[in-house]
Peer 1: 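Mind looking over this structure? Questions follow.
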Amino acid sequence: MHRLRTTVARLRPLTAAQTAQTLAQPRLLAIEGGLRTFQPVRRQNTSVAAEPFLNGTSSNYVEEMYYAWLENPRNVHKSWDIFFRNANAGAPPGAAYQSPPPLNGTSQGLASFQTLVGAQPNVEKLVEDHLAVQSLIRAYQVRGHHIAKLDPLNISCVDFDDAPCTVGFYGLAESDLDKVFRLPTTTFIGGNEGALPLREIIRRLEMAYCQHIGVEFMFINDVEQCQWIRQKFETPGVMQFSLEEKRTLLARMIRSTRFEEFLQRKWSSEKRFGLEGCESLIPALKTIIDMSSQSGVESVIMGMSHRGRLNVLANVIRKELEQIFCQFDSKLEAADEGSGDVKYHLGMYHKRMNRVSDKLITLSLVANPSHLEAVDPVVQGKTKAEQFYCGDTEGKRVMSILIHGDAAFAGQGIVYETFHLSDLPSYTTHGTIHVVVNNQIGFTTDPRMARSSPYPTDVARVVNAPIFHVNADDPEAVMYVCKVAAEWRNTFHKDVVIDLVCYRRNGHNEMDEPMFTQPLMYKQIKKQKGVLQKFAEKVIAEGVITPHEYEEEIAQYDKICEEAHTRSKDEKILHIKHWLDSPWPGFFTLEGQPKSLSCPSTGISEEELGHIGNIAASVPLEDFTIHGGLSRILKGRGNMVSQRVCDWALGEYMAFGSLLKDGIHVRLSGQDAERGTFSHRHHVLHDQNVDKRICIPMNHISPNQAPYTVCNSSLSEYGVLGFELGFAMASPNALVLWEAQFGDFHNTAQCIIDQFISSGQAKWVRQNGIVLLLPHGMEGMVGTEKPDLKFFLFPPPLRVQSTRLPDLRGFYRCKLSEDFAVRQLYDCNWIILQPFRKPLIVFTPKSLLRHPEAKSSFDDMLPGTHFKRIIPDDGPAAASPEKVKRIIFCTGKIYYELTRERKNRGMDDSVAVVRIEQLSPFPFDLVKAESDRFPNADLVWCQEEHKNQGYYDYVRPRIRTTTNRTRPVWYAGRGPAAAPATGNKQTHLTELQRLLDSAFDLEAFSGKL
Ligand SMILES: Cc1ncc(C[n+]2csc(CCOP(=O)(O)OP(=O)(O)O)c2C)c(N)n1
């Protein structure tokens, strides 16, 4: 009884508010294979409120009874039979049931009671007892995990329930334990039995919910899914394994454990972030992969941090051991250029036979930076892309697994952002399996200081993902939850979390002393028997394997490691490119070289321009009513096409449309990207009369075109940019663009820019052609933040070589080699021999979207044309260059202010304005040509951004280099400031006028050297 008392005390029923909420929702009830919907209001004619025993908590139970009675009146107790008969016969509210008379006498009600239902036992008590049992079952389902034995150390200090409650909560007593109770359809503990004694009910619930597995799922608002999970964990005897399965499990535990031991023996003073304390991660992942492969998955993409990564590479992905071991040799020479990365960050890709399913499977582990969890959205994007390219619209062939640390999972906001992508149509990967290595510590910080939620996994509840907590010291329980998780994903294609509750046997890394900060925890850990040893003892006792066989298995794996270690000594060169997570077959020559070093013309034919332009100006669907304002916009586009000019929006159409026509997939994603934040794009048209009917004209360009994906994203930068970067990683033959709402918001995704976009190639020899569209420009009207991108926040590698002309062929001889620009792109990051995919960051316009002069002629887009790295002055200044007194170099929208001011001042022939369109790599060759063209001019850089926030510090040394530092480069612009812009329109205009004044004052800089 004591057990019952404590258990029941901790399993409190729902609060009244929770109950009311539950009842307010229509629910599905599974009935003999079919589904039927019912409303919370009973079908009986009798009013619920009028029945004295029917309250919020009882209505579930009554519904159960009612449906059972509908199937067969004999299914329920006689008292219920009479009650439902009376109710269905139209007994008035309150009359279908009446309390039995008090024992000590008669009452007026007795006569009518007997008339209605005949002589009854104590029906009220009966109902209450059944309700109590029902509540108890539900309480186990909801909160059984609170009392499950999840912590191998038994030190968890999570206090789930401090409210006072007693066994009386359910009205159950010891004397009820042997009474038989009918089981509701919301439990599977009965197996084939419909009723059980209370004692057995509790025993089975304890077995299902309170052993080494804690199942958190009752928050899921889908009855079918809850029933599915109940069945998986409640059905008696469901967790059983064949001899073969146990042997495989043991073999995997041996590999996992002995691998770490081997590394420790050989390199005891090297950091490896070992898995000791959570060795069951390896069989866990392998079980998920086996199950998924059996159900048709062909590619698994994984992301994880440092903990156990080498072990995963060795024993899950099966990277050759010698390749791993040789990474410990610090004298090994790198064959590839770039910085390389530490061994526990590198990625991997491997195709192999899965022995359980007998099917081929590709496993990849995405390279990642130190920044915990940053890789999560990248993995999701890559997974989505692979699904997209193989036409896997339901996630049946490609899936992702994300492995997390407990502290990082709870602490890093990117985890939440990634979860919120999980069910969005253009971002879903149709279910991710998350595995948390919950070693109950983050570096030196205890969970009670590291999170406010009881579990590190609570973040997953926002997307209704079931969470399976499991004691990682029980490999069988781990294997079982992994099987269920894989089945869950395969059935519902939704995220699921496995929380491996474990410990960390060593410090954060092998050099750290954990006793400084967690003395008691580590005293306990020192006493803790290793999980392999415990499991081996168990299976030997069960007769699954003999001690001799066990020893042999260990010796065999140790030998494999030793032999690989010997081979690793022969490795003389470290090839980072052997650690690629996303190879691009066909993109390289067989030697891994770029197929071509020339950049073809990006121009397209007049006919194609006209065709795409007309699509952009039309609604290609019949009977589709667009908004009147949009009709005007489309008409305007039509006019531009007939005048052979493009504004930015039409230019975008030409670029995307021509690629699509050539079979290249284009994907544009970002907040409000479909319409465009500034209402210029309108790539998705909405029928004004039919709800959710849309038209994407870009998908009507040609019958054989590639599909165009344009999608509004969740309001996230870090998550969505990471996702698109991952998408772009999967294939070089696609244009993947991410657009920030306003350019300055990119800095909430700075980690992706710094850790992946800027340095990914140098660290991981991995190319990526992601394009960032960042609306930028100081308009003086939308507050202090919106206008400004801080140029200095962008890829530092692209900002090198400021004082030295790049040593590229021909340049020193001042002969402009044709492929200078292409070579220069290759050379960023100094990785010359890679194929040509570079991230592109475009500072896109805002007010220029509608500026009448910001248009380009079709002539600039015809075959033979290229992107212009600079746009020279072609006005009166260019006609007589020797008369020009000043060259103003600039970039972006200030050009239009400058030319307007120049005209107003009548200085068209004395001042040349040169636009630098490609800031990085810096177009030294073309800038040099311009400064040479105007030999008598002084050189000025003009920018609208504040001095410390724009480009001046970047361009000045470079422009000076083009003149061999013989000519100074003056500055015309705002002074330094902390905020990106003033919030005051008038101040903005005054600042602007001041900078224009100095730009055109030909005396402004004289004598200032
Ligand atoms: C974004 C980020 N912040 C801080 C760190 C430094 N750091 C490295 S590991 C670690 C603790 C991680 O704890 P947990 O997620 O529980 O994983 P564990 O190391 O325990 O396996 C910290 C704080 C980091 N790598 N990344």
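Quick note: numbers below take in every heavy atom, side chains included, and nothing from hydrogens, waters or symmetry partners. Counting starts at 1 for both ligands and their atoms, following the listed order. The chain is numbered in sequence order, starting from 1.
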Peer 1: Salt-bridge test for Glu487 and Lys483: reply yes if a basic N is under 4.0 Å from a carboxylate O, no otherwise.
Peer 2: no
Peer 1: Heavy atom to atom 17 (O) of ligand 1, shortest distance: which of Ser305, Gly405, Pro456, Gly277 holds it?
Peer 2: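 Answer by nearest heavy atom: Gly405.
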Peer 1: Evaluate the side-chain proximity of Thr383 to His430: yes if any heavy-atom separation is below 4.5 Å, no if none is.
Peer 2: no
Peer 1: Just need the protein heavy atom nearest to atom 15 (O) of ligand 1, so name the residue and atom and give the distance.
Peer 2: Ala408 N, 2.9 Å
Peer 1: Considering only protein heavy atoms, which is closest to atom 23 (C) of ligand 1, and at what distance to one decimal place?
Peer 2: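 Going atom by atom, the protein heavy atom closest to atom 23 (C) of ligand 1 ends up being Phe443 CD1, 4.2 Å.
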Peer 1: As a test of understanding, state which of Ile752, Thr748, Ile753 forms a side chain to side chain contact (heavy atoms under 4.5 Å, CB included) with Glu717.
Peer 2: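 Testing each of Ile752, Thr748, Ile753 against Glu717, the sole residue satisfying side chain to side chain contact (heavy atoms under 4.5 Å, CB included) is Thr748.
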Peer 1: Compute the ring centroids of Phe468 and Phe233, then answer whether they are less than 6.0 Å apart.
Peer 2: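 Judged by ring-centre distance (under 6.0 Å), Phe468 and Phe233 do meet the cut-off.
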Peer 1: Does ligand 1 have a heavy atom under 4.0 Å from the side chain of Arg504, from its backbone, from both, or from neither?
Peer 2: neither
Peer 1: Could you list which atoms of ligand 1 come closer than 4.0 Å to a heavy atom of Ala407?
Peer 2: 13 (O), 14 (P), 15 (O), 16 (O)
Peer 1: Show your reasoning for whether salt bridge (Lys or Arg N to Asp or Glu O under 4.0 Å) applies to Lys494 and Asp423.
Peer 2: CA-CA 8 Å; Lys494 287 186 53 174; Asp423 215 11; over 6 Å; no
Peer 1: Classify the contact between Asp406 and ligand 1 as side chain, backbone, both or neither, using a heavy-atom distance cut-off of under 4.0 Å.
Peer 2: both
Peer 1: Would you kindly specify which portion of His508 sits under 4.0 Å from ligand 1, judged on non-hydrogen atoms: side chain, backbone, both or neither?
Peer 2: side chain
Peer 1: Looking only at non-hydrogen atoms, which of Gln412, His371, Met304 approaches atom 3 (N) of ligand 1 most closely?
Peer 2: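 Residue with the shortest heavy-atom distance to the ligand atom: Gln412.
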Peer 1: For ligand 1, which atoms, with element, lie under 4.0 Å from some heavy atom of Arg307?
Peer 2: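 Going through ligand 1 atom by atom, the ones under 4.0 Å from Arg307 are 18 (P), 19 (O), 21 (O).
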Peer 1: Looking at Lys534 and Glu537, is any side-chain nitrogen of the basic one under 4.0 Å from a carboxylate oxygen of the acidic one?
Peer 2: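 No, Glu537 and Lys534 are not salt-bridged.
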Peer 1: Looking only at the aromatic ring of each residue, does the gap between the centers of Tyr209 and His145 stay below 6.0 angstrom?
Peer 2: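 They do not qualify: ring centres at least 6.0 Å apart.
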Peer 1: May I ask you to identify, for Ile441, whether its side chain, its backbone, both or neither come under 4.0 Å of ligand 1 on a heavy-atom basis?
Peer 2: backbone
Peer 1: For Asn439, take its heavy atoms, then give the atoms of ligand 1 lying under 4.0 Å from any of them.
Peer 2: 18 (P), 20 (O), 21 (O)
Peer 1: Can you tell me if Glu373 has a non-hydrogen atom under 4.0 Å from ligand 1?
Peer 2: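 Not so, Glu373 does not reach ligand 1.
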Peer 1: Students should be able to answer this: which protein heavy-atom is nearest to atom 2 (C) of ligand 1, and at what distance?
Peer 2: Leu372 N, 3.8 Å
Peer 1: Looking at CG of Asn368 and OG of Ser305, how far apart are the two atoms once the value is rounded to the nearest 0.5 Å?
Peer 2: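 If we round to the nearest 0.5 Å, Asn368:CG and Ser305:OG are 7.0 Å apart.
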Peer 1: How long is the span from the CD atom in Glu279 to the CZ atom in Phe259, to the nearest 0.5 Å?
Peer 2: 12.5 Å
Peer 1: In the complex you have, is atom 6 (C) of ligand 1 within reach of the protein, judged by whether a heavy-atom distance drops under 4.0 Å?
Peer 2: no
Peer 1: What is the nearest protein non-hydrogen atom to atom 13 (O) of ligand 1, stated with its residue, atom name and distance?
Peer 2: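 For atom 13 (O) of ligand 1, the nearest protein heavy atom comes out as Gly442 CA, 3.3 Å.
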Peer 1: Are any of the side-chain nitrogens in Asp290 or Arg252 under 4.0 Å away from the carboxylate oxygens of its partner?
Peer 2: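 A salt bridge is present here (some side-chain N lies under 4.0 Å from a carboxylate O).
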Peer 1: Verify whether the ring centers belonging to Phe262 and Phe325 lie closer than 6.0 Å.
Peer 2: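 Ring centres of Phe325 and Phe262 closer than 6.0 Å.
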Peer 1: Of Gly308, Pro447, Ser370, which has the heavy atom at the shortest distance from atom 25 (N) of ligand 1?
Peer 2: Ser370
Peer 1: Taking 4.0 Å as the limit for heavy-atom contacts, which would you say applies to His404 with ligand 1: side chain only, backbone only, both, or neither?
Peer 2: neither
